[in-house]
Amino acid sequence: MTTYLPRRRAAAHCLTVLAFGLLTLTACSEEGDGEAAATPTASATPTASADGTDPTTEAGGEADPDDTAASDGVAPWAGTKQFAQIEDAWTSDGQTYLSVRPAEKEAHVTEHFEAWEIVPGEGPYTEVALAEDAQVLLAVPLGDDEATTPYSQAEFVSRLTAQSPSERVLVGFDLSFDGEGRVTRLESLYRS
């Protein structure tokens, strides 16, 4: 009976670690809103601008000289979730636009709290539009509270552009895209 006890403890320990890992991954993906989660990678950064002058980057990291991805009408990140940095935001003819670049977030869990480290992406920023009914959730430093709170698109643009570029790199955003490549949900994540 005593030989089974250490094995049971070891098995219970492994299962506990596995369950915690799965819980962490599940909590980061925000299941339930019907959109597929996608992991951003710097090597698959699309770079097609609105005027079509920049080439598009393929999944292998090489530029597509024919710009076929943009000419096929496929919007960057259509139908996905991305973690990104936002360089700028503006409104033109009643439409809100963002200049975004994929980034990564790494969880740093301690005994008392969870913090995030934002790893900036590389390469150029891509212009994307916010859907007319996009949900904008902000927390400090862009929002007034530590918990995310809803804001209008106009308030978001005003608050983001009031930040200096050096402050903007400390903020990452979880973005959800619809099938046309428009942002339907934007949630800020602050790196302390």
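Please read all numbers here as calculations on a predicted model, not as lab measurements.
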query: Considering residues at least two apart in sequence or located in another chain, which fulfil the side-chain contact (heavy atoms from CB on, under 4.5 Å) criterion with S158?
result: none

query: How many angstroms lie between CZ in F83 and CD in E187, if you round to the nearest 0.5 Å?
result: 10.5 Å

message: Give me the atom names and distance for the closest heavy-atom approach of Y151 to G143.
response: OH-CA, 3.5 Å

Under the side-chain contact (heavy atoms from CB on, under 4.5 Å) test, residues paired with D88 that sit two or more places apart: W90, S99, T161, R168

message: Could you tell me if the side chain of V171 sits less than 4.5 Å from the side chain of P141, heavy atoms only?
response: yes

query: Among all residues two or more places apart in sequence or in another chain, which pass the side-chain hydrogen bond (donor to acceptor under 3.5 Å, both in side chains) test with Q95?
result: none

task: Quick one: closest heavy-atom pair of A89 and F156, and the distance?
output: CB-CE2, 3.9 Å

query: What's the shortest heavy-atom distance between A139 and S188, and which atoms?
result: N-OG, 2.8 Å

Compile the donor-acceptor pairs under 3.5 Å between side chains in residues 128-138 and protein atoms, sequence neighbours left out, one pair per line.
unit_1	atom_1	unit_2	atom_2	d
Q135	OE1	R185	NE	3.4

- prompt: Hey, what do you get for CZ (F173) to CG (L160), rounding to the nearest 0.5 Å?
  reply: 5.5 Å

- request: Report the residues that fulfil side-chain contact (heavy atoms from CB on, under 4.5 Å) with S166, sequence neighbours left out, ordered by chain and then residue number.
  value: S164

- line: Distance col, row L170:CG vs Q163:CD, nearest 0.5 angstrom, shows 9.0 Å

message: Suppose the criterion is salt bridge (charged side-chain N to carboxylate O under 4.0 Å, His left out): which pairs have a residue in residues 143-166, not counting sequence neighbours?
response: D144-R159

- request: State, with a plain yes or no, whether a side-chain heavy atom of T91 is found less than 4.5 Å away from one of Q153.
  value: no

- prompt: Can you tell me how far the CG atom of L98 sits from the CG atom of L186, to the nearest 0.5 Å?
  reply: 6.5 Å

statement: Taken in chain and number order and not counting sequence neighbours, the residues that satisfy side-chain hydrogen bond (donor to acceptor under 3.5 Å, both in side chains) with Q85 are none

- request: Using a 4.5 Å cut-off on heavy atoms from C-beta on, say whether the side chain of W77 contacts that of T126.
  value: yes

